[in-house]
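See below for the structure under consideration.
Throughout, a chain's letter reflects where its sequence line sits, starting with A, and its residues are numbered from 1.
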There are 2 protein chains.
Amino acid sequence: MTANEQGAGETAIQGPRKPKTARGKKTRAKILRAAEECFGTLGYHQAGITDITRYAGVALGSFYSYFSGKEDAMRELVREMGYNLRAHLAQNVAGATDRVDAEVRGLRAFLEYIRDHPWMYRILQEVQFVDEAVYREYYDTFSEHYARLLSEATQAGELRPGNNQVRNWALMGMGHFLGMRFALWEQDVPMDEIIKTMDDLLRHGLARSDQ
Amino acid sequence: MTANEQGAGETAIQGPRKPKTARGKKTRAKILRAAEECFGTLGYHQAGITDITRYAGVALGSFYSYFSGKEDAMRELVREMGYNLRAHLAQNVAGATDRVDAEVRGLRAFLEYIRDHPWMYRILQEVQFVDEAVYREYYDTFSEHYARLLSEATQAGELRPGNNQVRNWALMGMGHFLGMRFALWEQDVPMDEIIKTMDDLLRHGLARSDQ
DNA sequence: AACCTATATGAATAATGATTCATGTTTCAT
DNA sequence: ATGAAACATGAATCATTATTCATATAGGTT
């Protein structure tokens with residue numbers, strides 16, 4: 001019986017509802033986009049509901065028509081972002097010649113995505129301190145998809161035998177930090193250079209004499 | 001002219017001061033340890049100054065005797081943690097036979113450190129949203145040390161040629177995520193398994209046929 | 001037109017918690 | 001012993017803000 005339920009015979013005077021008309025959908029969307037902007041630029045705690053509704057061009061109370069509170073909007077944003085990013089990656093990885101190629105294409109797509117959605121990064125990281133379960137959910141979902149791909153590649157003999165779960169998280173960490181440093185903080189190293197370096201690392205490792 | 005200055009002829013009625021006696025040092029330390037505990041378990045925003053001083057066993061006002069505010073204590077903690085961690089790693093990496101061996105020893109030491117200091121992780125991550133400059137400073141400092149080591153190893157012919165700055169951040173990211181997932185969230189994969197996997201990855205890459 | 005539901009509004013509420021400061025206590029050099 | 005500096009105290013201040021709710025408007029159906 002969450003605050004979000006919408007059973008037919010609901011007695012609650014008011015509460016967050018799913019929009020039922022086009023007007024409602026539009027308003028909810030405006031608020032969500034405004035929340036993204038505000039959380040992204042001001043941060044979760046700094047951003048007030050008034051900031052969000054002012055930016056959205058709606059009244060304060062309208063926020064609570066569609067979200068049960070500030071946390072709720074944050075959660076929704078993270079889920080939405082996870083969905084969008086996964087779709088973007090799947091699209092860009094299609095057509096890879098082998099698993100490492102897929103990794104590298106995925107990395108490039110990821111870096112480009114961060115560059116084009118700089119707020120996503122901040123919101124995703126900050127949700128860790130707002131609702132940790134959602135943060136874990138995000139990465140666990142990601143990890144599940146990933147693990148399947150790696151295990152298929154191993155079965156196909158493309159990868160060296162090894163613990164793919166560990167590799168999985170190592171690869172996510174690489175992407176995360178490369179995105180933070182080279183897409184978000186400073187774009188001082190050309191994308192191709194990053195990709196080339198990582199391609200070499202994933203194909204041959206770091207060590208020179210390889211035996 | 002920061003609030004923290006302690007010039008001789010200071011006219012400010014009161015303000016944060018460096019402790020000048022043994023008693024003062026002890027109190028300041030008690031408060032800092034309490035802040036670590038509170039920020040770590042409750043989170044920065046949830047933790048109140050009253051929580052910190054209650055836990056430390058001192059009066060509310062004493063907090064402001066040694067710190068200019070909540071943020072100041074957070075900053076101090078992060079700097080302290082960075083210093084301690086770097087010392088711990090340097091100690092554990094000494095005696096490595098080659099650069100990859102050093103990487104792997106460093107990773108093990110890092111994972112052990114996180115396991116033994118579970119709060120460090122949360123505090124470091126959360127400072128990103130409290131004072132981003134301190135967060136960057138932490139990683140930039142880390143990165144500087146790291147870059148020197150990698151470039152020396154390259155000069156010595158131990159590493160394949162490549163962009164060490166990119167590798168640098170990729171390696172930090174790996175460590176970060178492996179620590180989060182396998183030391184903090186769930187300790188369901190034995191340390192040796194993690195180390196073996198990463199040793200293989202760094203020595204040979206992911207791809208099976210290596211040409 | 002009458003009516004019902006969904007949607008929109010924003011002033012008022014209510015709780016919180018960081019910071020200040022006037023006052024009291026301890027320490028220690030002389 | 002004594003005075004001054006360092007240290008400790010916690011009630012009071014002050015500002016901030018998430019959330020509620022009574023009321024008003026819009027859209028569409030009969």
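Taking the centre of each ring, A/Y121 and A/H176 come in below the 6.0 Å mark.
In this structure, the CZ atom of A/F67 is 13 Å from the P atom of D/dT19, given to the nearest Å. Rounded to whole Å, atom P of D/dT20 lies 11 Å from atom CZ of A/F63. Rounding to whole angstrom units, NZ of residue B/K18 and C1' of D/dC7 are separated by 17 Å. When the C1' atom of C/dT9 is taken as reference, atom CZ of A/R54 falls 16 Å away, rounded to whole Å. As a whole-Å value, the separation of B/Y64 OH from D/dA8 P is 17 Å. Rounded to a whole Å, the NZ atom of B/K30 is 13 Å from the C1' atom of D/dT9. Computed from coordinates, the A/I49 CD1 to C/dA14 P distance equals 19 Å when rounded to whole Å. When the P atom of C/dA29 is taken as reference, atom NZ of B/K20 falls 14 Å away, rounded to whole Å.
Dashed line: the shortest gap from a side-chain N or O of A/T50 to OP1 or OP2 of D/dA18 is not under 4.0 Å. Contact annotation: A/S65 does not reach the phosphate of C/dT7 (side-chain N/O to OP1 or OP2, under 4.0 Å). Residue A/Y66 places at least one side-chain N or O under 4.0 Å from the OP1 or OP2 atom of C/dA8.
Here A/G48 lies in heavy-atom contact (under 4.0 Å) with sugar-phosphate atoms only. Here A/G24 lies in heavy-atom contact (under 4.0 Å) with sugar-phosphate atoms only. Using a 4.0 Å heavy-atom criterion, one finds that B/A22 contacts no nucleic acid atom at all. Residue A/S62 is in base contact, counting any heavy-atom pair closer than 4.0 Å across all strands shown.
Along DNA chain D, the nucleotide nearest B/T27 and the nucleotide nearest A/E71 are compared for position; the residue whose nucleotide lies closer to the 5' end is B/T27. Where B/Q46 and B/R23 each meet DNA chain C at their nearest nucleotide, the meeting point lying more 5' is that of B/Q46. Each of B/A47 and A/L60 has a nearest nucleotide on DNA chain C; the 5'-most of these lies closest to A/L60.
Ion pairing between B/R99 and B/E152 fails under the 4.0 Å rule for side-chain N and carboxylate O.
Separation of atoms CE (B/M172) and CZ (B/F177) is listed at 13.5 Å; rounding is to 0.5 Å. To the nearest 0.5 Å, atom CZ of residue B/R136 and atom CZ of residue A/R181 are 9.0 Å apart.
The side chain of A/K70 has D/dT19 as its nearest neighbour among D/dG10, D/dT19, D/dC7.
More than 12 non-hydrogen atoms from other residues, nucleotides or ligands lie less than 6.0 angstrom from NZ of B/K30.
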